[in-house]
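Let me begin by presenting the structure, written as structure tokens, before commenting on it.
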Amino acid sequence: MPEVLKAPLVVEFPFTRSLGPVQSAFLTGLRERVVLGVRTTDGRTLVPPVEYDPVTAEEIHDLVEVAPTGTVTTWAWNHAPRRGQPLTTPFAWVLVRLDGADTALLHVLDAPGPDAVRTGLRVRVRWAGERTGAITDIACFEPYDGDPARPGGHSGAFEDPLTGIVAPARLDYTYSPGRAQSAYIDALSARRTVGERCPSCRKVYVPPRGACPTCGVATAEQVEVGPRGTVTTFCIVNIKAKNLDIEVPYVYAHIALDGADLALHARIGGIPYDQVRMGLRVEPVWTEGARHPDHYRPTGEPDAAYETYKELL
Ligand SMILES: [Zn+2]
């Protein structure tokens, strides 16, 4: 049995958001080494600030500066920091109630080990050397045994305030396609398309899923299909995708390979987009070094009769 494949996958995109007046002041403040909270009508100071009172839902915008010193209210030790976390050495996640605030801010504490951390520990902000108006402008917190710092009474009005941020979102994981698809991918590297036949209904699934979705039984018998096939349905793509060097418009089609009972999808090339049609006979086009066909092109055969692929739409 071939080895089950696995590969690292990363899904990543920038998330652009605008900042309202409160978040704008908070992040611009961090850039200027000022920590701002917001005062509710009943006199509580919320840090990090929010635009609406979480109890009364009342709109709040009365900004107030708090101290860069505070107290740890709870914590958890992180033995093995992951990529993208605030510190590269082991650290504590902490909730810190800054002096002058009634709520706690989530951040990290640079400490030599978990024995150096406790609820009630006094800490202060360690500012980042370069600040851009982000929560990471606070590089981390550090233990502090001095007096509480006095907030400067900043009003929250700044020159050149931030109006938006771009937050990178990233999901970083290992994907394993499982036994059936691993065999399929292995065969593709030899330019063969191999599906699996259901022992009960005899349908051939390409790509194989390891089980028949109709009968619910495992599939194991390998069956080579194609390489030629028939376009069953298709769509014309008019939007140019970033990072894809394909001229629009182009056609993306469902293709039933000869011998398969499931259509796979691929791009159609070698024919004007407006001449692609249901029943068009196609074959794969491989590029050097690729592990799957780059696209499918017409074979020149007569179109397949609708009766031959109507069950595969
Ligand atoms: Zn079946």
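Ligands are counted one by one from 1 in listed order, and the atoms in each one are counted from 1 as well. Both backbone and side-chain heavy atoms feed into the values below; hydrogens, waters and symmetry mates do not.
- Cluster partners of V11, by chain and number: L9, L171, Y173, Y175. The rule joins Ile, Leu, Val, Met, Phe, Trp and Tyr whenever side-chain heavy atoms lie under 4.5 Å apart.
- Ring planes of H265 and Y252: tilted class, angle from 30 to 60°.
- In terms of heavy atoms, V66 sits closest to A101 at CG1-N, 4.1 Å.
- Follow the hydrophobic side-chain contacts under 4.5 Å out from M278 and you reach V251 in the same cluster.
- Applying the salt bridge (Lys or Arg N to Asp or Glu O under 4.0 Å) rule to pairs touching residues 209-227 yields R192-E224, R197-E221, R202-E221, sequence neighbours excluded.
- Remark: W286 pairs with no residue by the ring pair (Phe, Tyr, Trp, His ring centres under 6.0 Å) rule, at least two apart or across chains.
- Listed by chain and number, the protein N, O or S atoms at a distance under 2.8 Å from the Zn ion (ligand 1) are C198 SG, C201 SG, C212 SG, C215 SG.
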